[in-house]
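Here is the structure we will look at.
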Amino acid sequence: MAEEPGIAELSFEDALKELERIVGRLESGDASLQEAIDLYERGDQLKRQCAARLDAAQARIEAIRTDGEGRVAGTVPFAG
């Protein structure tokens, strides 16, 4: 497999696109066994990275404070 950017450097969108390409390649059945294993490992890393970014985004959203009437009153800094 060609040299690819580190997963931590990829944006969420780029990581998700790469994960979709990997799934397509694995589903095609055209990969050799070793390539399929390598693709699966990279896909697992990408999945974990995407999940972590989604969890962080959700935590930031949940940290938005509202007043008694439901209006945004401020935010609580995300400590992630």
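Everything numeric in this text was worked out from a predicted model, so none of it was measured.
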Only pairs under 3.5 Å count here: list side-chain donor-acceptor contacts from residues 10-17, not counting sequence neighbours, and write none if there are none.
from  : atom 1 : to    : atom 2 : distance (Å)
Ser11 : OG     : Asp14 : N      : 3.0
Ser11 : OG     : Asp14 : OD2    : 3.3

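If you run side-chain contact (heavy atoms from CB on, under 4.5 Å) between Leu39 and each of Glu41, Glu35, Arg42, only Glu35 comes through.
Between the CD1 atom of Ile7 and the CD atom of Gln45 there is a distance of 4.0 Å, given to the nearest 0.5 Å.
Annotation: salt bridge (Lys or Arg N to Asp or Glu O under 4.0 Å) contacts of Arg53 (sequence neighbours excluded): none. Partners of Arg48 according to the salt bridge (Lys or Arg N to Asp or Glu O under 4.0 Å) rule, which considers only residues two or more places apart in sequence or in another chain, are Asp44.
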